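Take a look at the structure set out below.
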Amino acid sequence: MAHSKNRATDGKITYPPGVKEISDKISKEEMVRRLKMVVKTFMDMDQDSEEEKELYLNLALHLASDFFLKHPDKDVRLLVACCLADIFRIYAPEAPYTSPDKLKDIFMFITRQLKGLEDTKSAQFNRYFYLLENIAWVKSYNICFELEDSNEIFTQLYRTLFQVINNGHNQKVHMHMVDLMSSIVCEGDSVSQELLDTVLVNLVPAHKNLNKQAYDLAKALLKRTAQAIEPYITNFFNQVLMLGKTSVSDLSEHVFDLILELYNIDSHLLLSVLPQLEFKLKSNDNDERLQVVKLLAKMFGAKDSELASQNKPLWQCYLGRFNDIHVPVRLECVKFASHCLMNHPDLAKDLTEYLKVRSHDPEEAIRHDVIVSIVTASKKDLSLVNDHLLNFVKERTLDKRWRVRKEAMMGLAQIYKKYALQAEAGKEAAKQISWIKDKLLHIYYQNSIDDRLLVERIFAQYLVPHNLETTERMKCLYYLYATLDGNAVKALNEMWKCQNMLRHNVKDLLDLIKQPKSDSYNKAVFSKVMVITRNLPDPGKTQDFVKKLAQVLEEDEKIRKQLETLVSPSCSCKQAEVCVVSTVSLHLDSACSYRHRIHQSHSFISFFSALIKQVNKSIEGTADDEDEGVPTEQAIRAGLELLKVLSFTHPVSFHSAETFESLLGCLKMDDEKVAEAALQIFKNTGNKLEESFPHIKSVLLPVLQHKAKKGSPRQAKYAIHCIHAMFSNRDTHFAQIFEPLHKSLDTDNMEQLITPLTTLGHLAMLAPEQFAAPLKSLVANFIVKDLLMNDRIPGKKTTKLWVPDDEVSPETLAKIQGLKLMVRWLLGVKNNQSKSGNSTLRMLTAILSSDGDLTEQGKIGKPDMSRLRLAAGCAILRLSQEPCYHEIITLEQYQLCALVINDECYQVRQAFAQKLHKGLCRLRLPLEYLAVFTLCAKDPVKERRAHARQCLVKNINLRREYLKQHAAVSEKLISLLPEYVVPYAIHLLVHDPDYVKVQDIEQLKDIKEALWFVLEILMAKNENNSHAFIRKMVENIKQTKDGQCPDDPKINEKLYTVCDVAMNIVISKSTTYSLESPKDPVLPARYFTQLDKNFSNTKNYLPPEMKSFFTPGKPKAANVLGAVNKPLSATGKLQTKLSRMETISNASSNSNPSSPGRSKGRLVSQTRIHVSSLIYTTIYKLGSQFFFSARIPSETEKPSRGRKRGAAANQDDKGQESKPKRGRKKAANTSTDDAEDQWGEDSSMAEASMETEDEQNSPPKRGRRGRPPKSAASKDETPSKGRRGRRKTAPPADEENEEEQEEEEDDEDDAGSENMEVKPKGRRGRKPRCSKNGFSWPLFGSTSCCGIYFKTPNPLDPIQLNNTKQFLF
């Protein structure tokens, strides 16, 4: 080498053979030609050619001169660069260039030439590729490690390669670039931040999208150098994340994007970075936490990610962000859940609890996204979600926000269609989500029209899709109906009924429009428009739409005819579609919803033939019942029930010989239920059968006569009604049935007596005049003397108060039918000229007075006595609905009937309350019977109290709505205005058998709770100054005497005492009671004497101790539970028999409280704050000033969200143990608005605590009121109380015809406990109240107080939103 240096110092340049001197004196073309020969020479040389290396050393130095490095021609520069690359290869490991500056210039020169790689179509591309390949293979750039400016050289090289890479390069180019750059990282001493940025910048999303090949190059480089480059990556993130030195790199703002990309490339690159993310998750900066959460969501949710299992501390820390105080953070966590569930099913268990809490989040958007996440995963694969997650969606169908409810309902519907109808995941999956169809239909019980419309839409699109073929669609409907639970069936029936009712309302509107215009015409049209409006969403806007529609119908005959076709019972689906399109052409805002509801009522008209064929297949045994998971008998029953329901709404569609022949076949089946349904269908649809199908009539009549004589009681009933509805010469047919049955009555065989008595009872109601004489003799001689007044078979000795239907003795069943026969006979006669009504009422009240043992011989068992008491009480309710019998019912008989609601048997109380509620809802029972629910305040079972309260709310709201819609009935206010129930309630409580001692504190507390039970609902809204009206009514009562016992001083003292209790309640709960009522209320003359204006009763009859029990506060607004009953659907029906409800009054009945201007009183508001459950602090606002008071509770005192009595009861001075409190307990509030009022762990803990308190405070059962106390019923007799929850009691089924409703009621008395109402669960939404101890004062009404519960956050995570934190407004 020393010799080479000597040669170099000689300065003589030796060129390869044939190559002349290369200088600036030759042309460019010649220079290129000579350089190519030089390149060829160097290419052929290898490192072992020592002589050639020495020979061409000066040439190598000459080629590195500035003349060549800065030559303007690119071809010259390229050839020189190739020569230099070969020189580095040949002279390796030591380069012939020793000057650092020269080396820098050479490598910067070579780097610049590499830009030529960009153009892959260039003629010189192969030479550029040779240059890249050469320096990559030799690792020429490693020489620069010892240079001070090496970082600049490497950075420029990296930038150049990332710039030139493109999709035109093959894999070899990509490989050589990676080899070249990786050698610098792996063999160098360090990687500068600038060089690292040059690589990482290609991972930033913006750059990644611009040059995908550069991203791939950087990705390959990082994978190759992961171990070597990891410390420098860690240092970069440590500087930015932990130390906050964002100035170290321009990529600091993209740090989270880089972490995600690096993790996707190679997770080992972030071994030391991930713990830093755990720290960042607890940052005080909301935006920073949000960025980290977004990053980790992508990292944990990636399809092949194992981060959750590899780094469990980070995973747990991330889950904690589900409870973050910052809403966007919680929202991002919830959105991540769907990806995590789909890509990592094993993490579903960890996510379940956190999603449960977030499904109760106060933010609507978060609750909505919880539903979206779960539904999205479910639709991909049902196995990805567990039952708990689906239950969260189920709960949100009752959310307070429409957007959340809609998402939950639609999500469940889509899941059901995919896995139940289309069976994409097999039968097991279909079975897993079989509850969805029931749940969706249960939502139809909600009062919101939006919910109801959505259920209709879901039914048509997902449960029974309208786009299926006719046969498949009817099969789908058939098996859907067969598998629905009872409440869902009722909801579906109600849905069809509402759609049919809307169709009838529109038809009525069309009929009105055809009439000549007048004042009455305008009023009638407006009234009908209002009725139609209530069946569509957004009544305010819809009202304008319907008005506009009415105007269009008046002017456009074509549109009117199309709409007439649409609402016609014979309209087919195709005709409906055409009419719908024409109607939509009106471009009216609400046309979509309007046409949807109208069109849905035609969904099945043209498909009855297919439905009946499906039923026939099940009867013949050729259907796929077992494959569908439905027993054949159950399928046939359900099919007939379905046809029965549709026979109410679409009777015309049944008029075919095929249909009637199929029904005849059903009548001959052994299944009683099937035959009953077939009889009902005949009754509803057979009005033209005698004329149109005489051959059917000749076969049907003998069958009906046989059923009336020998069938089951229900079959006999329906057979009689079929004959009455279908045949013209019904009198002859009735006589052919009546005579043999009348003569064959025999008490020796009680089992054979039940059906004849049922048949005779319905004959007596339908044809009382035809059989007047024999019926009177039958009732007097056989029913009363032979049947009711004799106990032939001793009852079984048992302590039970109730047994199932099949265990009731035949004699008792016969007696019940005998009582019903008497009542039906009276209802048919509808007059009391023969005084038969008085005799019957005395008989019924005698049964009640004797506990059901009319003969008092002790032969009847307790269960049979309970049945007879229930039958007698329900019979009085039936008679009370007829004006002629209501007038003769004495107050004593009314009070005895009312006490049935406090019967010692739970099932009796339950069934009687249902009968009472039905009669009141149809406005058939007089208003005084609404007061009977007041007695339920002391029912020992909280579910019964809850149900009674719901019934009160429903009836009060129904009457108020009816008065708003029917201004013409204002003269009958005393029969309708809910506030008029107060005098009846007061009078009923005065004569309460339990109210013995006038001044007894415990008894007065019970009176107070009973009055508050009804006043709380009446006073929830101060409509038309009703508070002052009630106050005036109570004052007037106090100026009268008891109408039942006017001369009894003790009774009158009781009356005035109860009035004082009522007055104190009104005063303590209202701020407007002192306003003047413009008109005097009307008091019922039977209950109170005439008002004595000369008598002024100002005495206070309450003992001083009672004052502490009247706690100030505004009554809480009552919400109607959809479980009790559905909203009034046909107000027009309620006008029937309205006159029957008029009560004789002692003054004008026009009195209606008006609404004078309110005086602005001084309002006092409070806020109660619980701090760590240790100190109670009360904040009072009086005017513009605030006052604080505090106290420390005693050791035995426990904070409770439940409602407590106003003050502690005074203990007996004699040391007697105080009785358990029987006061009112709050009803369960399951309205849609309260679906999302609580969330977090404290909520569930508080509910559990309140449940325990309720069970402990529930008093033991009393004996039946009005008689000596009896032993408490065993646990078997009272259904167990359910868990707390939001389940709703199913409303009673409504029939299309009111008379049919009454007939259905007749048989409900025979129903056993299994047919009783499902008891509602729990109580929620109770107002917090504090007792008057220490420095704390009672709270005012719930609308003016806000309880805020605080819990100290975790000091290690100050930003975490704790699950137990609640905001109750």
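Here the structure is a predicted model, which means the values were calculated and not measured.
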Pair [X], [Y]: side-chain N/O donor-acceptor within cut-off below 3.5 Å:
X: D266; Y: H268; result: yes
X: W315; Y: D350; result: yes
X: N202; Y: N211; result: no
X: S283; Y: E288; result: yes
X: N151; Y: E194; result: yes
X: Q414; Y: K379; result: yes
X: D197; Y: Q193; result: yes
X: E230; Y: T234; result: yes
X: N167; Y: Q213; result: no
X: D86; Y: Y130; result: yes
X: Y263; Y: S305; result: yes

So that I know where these two stand, are [X] and [Y] an aromatic pair - ring centroids less than 6.0 Å apart?
X: F129; Y: H176; answer: yes
X: F154; Y: F145; answer: yes
X: Y91; Y: Y97; answer: no

Work out which heavy atom in [X] is nearest to a heavy atom in [Y]; give both atom names and the distance.
X: R321; Y: V293; value: CG-CG2, 3.8 Å
X: L35; Y: C83; value: O-SG, 4.4 Å
X: M31; Y: S23; value: CE-O, 3.2 Å
X: L274; Y: M299; value: CD2-CE, 3.7 Å
X: L296; Y: L277; value: CD2-CD1, 3.8 Å
X: S378; Y: V385; value: OG-CG2, 3.2 Å

Do [X] and [Y] touch side chain to side chain, with heavy atoms closer than 4.5 Å?
X: H174; Y: N170; answer: no
X: Q291; Y: K280; answer: no
X: I374; Y: S338; answer: no
X: R358; Y: N323; answer: yes
X: Y354; Y: V334; answer: no
X: L203; Y: I265; answer: yes
X: F256; Y: V292; answer: yes
X: E148; Y: P100; answer: no

Looking at [Y], is its backbone amide N or carbonyl O close enough to the side chain of [X] to form a donor-acceptor pair, meaning the two atoms are under 3.5 Å apart?
X: S309; Y: E306; answer: yes
X: S190; Y: S192; answer: no
X: H207; Y: V204; answer: no
X: R77; Y: P72; answer: yes
X: D369; Y: V372; answer: no
X: R330; Y: D324; answer: yes
X: R89; Y: M45; answer: yes
X: H344; Y: F300; answer: yes
X: N311; Y: L307; answer: no
X: T41; Y: M37; answer: yes

From [X] atom [atom1] to [Y] atom [atom2], the distance as rounded to the nearest 0.5 Å:
X: Q113; Y: I135; atom1: CD; atom2: CD1; result: 10.5 Å
X: F237; Y: S272; atom1: CZ; atom2: OG; result: 12.0 Å
X: D179; Y: I184; atom1: CG; atom2: CD1; result: 11.5 Å
X: I110; Y: L78; atom1: CD1; atom2: CG; result: 11.5 Å
X: F88; Y: I143; atom1: CZ; atom2: CD1; result: 5.0 Å
X: L347; Y: C340; atom1: CG; atom2: SG; result: 4.5 Å

Within a reach of under 6.0 Å around [atom1] of [X], are more than 12 heavy atoms found that belong to other residues, nucleotides or ligands?
X: E30; atom1: CD; value: yes
X: K356; atom1: NZ; value: no
X: D250; atom1: CG; value: no

Taking side chain to side chain contact (heavy atoms under 4.5 Å, CB included) as the definition, give me every residue that meets it alongside K312, ordered by chain and number, with sequence neighbours left out.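 Per chain and number, K312 pairs via side chain to side chain contact (heavy atoms under 4.5 Å, CB included) with no residue.
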Using ring pair (Phe, Tyr, Trp, His ring centres under 6.0 Å) as the criterion, list what pairs up with Y141, not counting sequence neighbours.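 With sequence neighbours excluded, Y141 shows a ring pair (Phe, Tyr, Trp, His ring centres under 6.0 Å) to F107, given in chain and number order.
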Any salt bridge between R127 and D75, counting N to O under 4.0 Å?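 No, no charged N to carboxylate O under 4.0 Å.
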Hey, is R289 close enough to D285 for a salt bridge, meaning N to O under 4.0 Å?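 The answer is no: the pair does not qualify as a salt bridge.
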For residues 35-74, pull every pair meeting ring pair (Phe, Tyr, Trp, His ring centres under 6.0 Å), keeping only residues two or more places apart or in separate chains.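 Ring pair (Phe, Tyr, Trp, His ring centres under 6.0 Å) check on residues 35-74 returns H62-F68, F67-H71.
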Give the C-alpha distance, both sets of side-chain angles, the deciding distance and a yes or no for side chain to side chain donor-acceptor pair (under 3.5 Å) between N386 and T352. CA-CA 8 Å; N386 53 44; T352 299; 3.1 Å; yes
Applying salt bridge (charged side-chain N to carboxylate O under 4.0 Å, His left out) to K208 and E261, what does each step give before you reach the verdict? CA-CA 10 Å; K208 174 181 176 181; E261 292 296 340; 3.3 Å; yes
Can you list the steps and then say if S383 with D381 is a side chain to side chain donor-acceptor pair (under 3.5 Å)? CA-CA 5 Å; S383 63; D381 188 349; 2.9 Å; yes
Could you point out which residue of D149, L147, T98 forms a side chain to side chain contact (heavy atoms under 4.5 Å, CB included) with L103?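 With L103 as partner, side chain to side chain contact (heavy atoms under 4.5 Å, CB included) holds for just one option, L147.
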Under the criterion side chain to side chain contact (heavy atoms under 4.5 Å, CB included), which of L57, L59, I90, N58 is the partner of P96?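 Running side chain to side chain contact (heavy atoms under 4.5 Å, CB included) over L57, L59, I90, N58 with P96 returns exactly one hit, L57.
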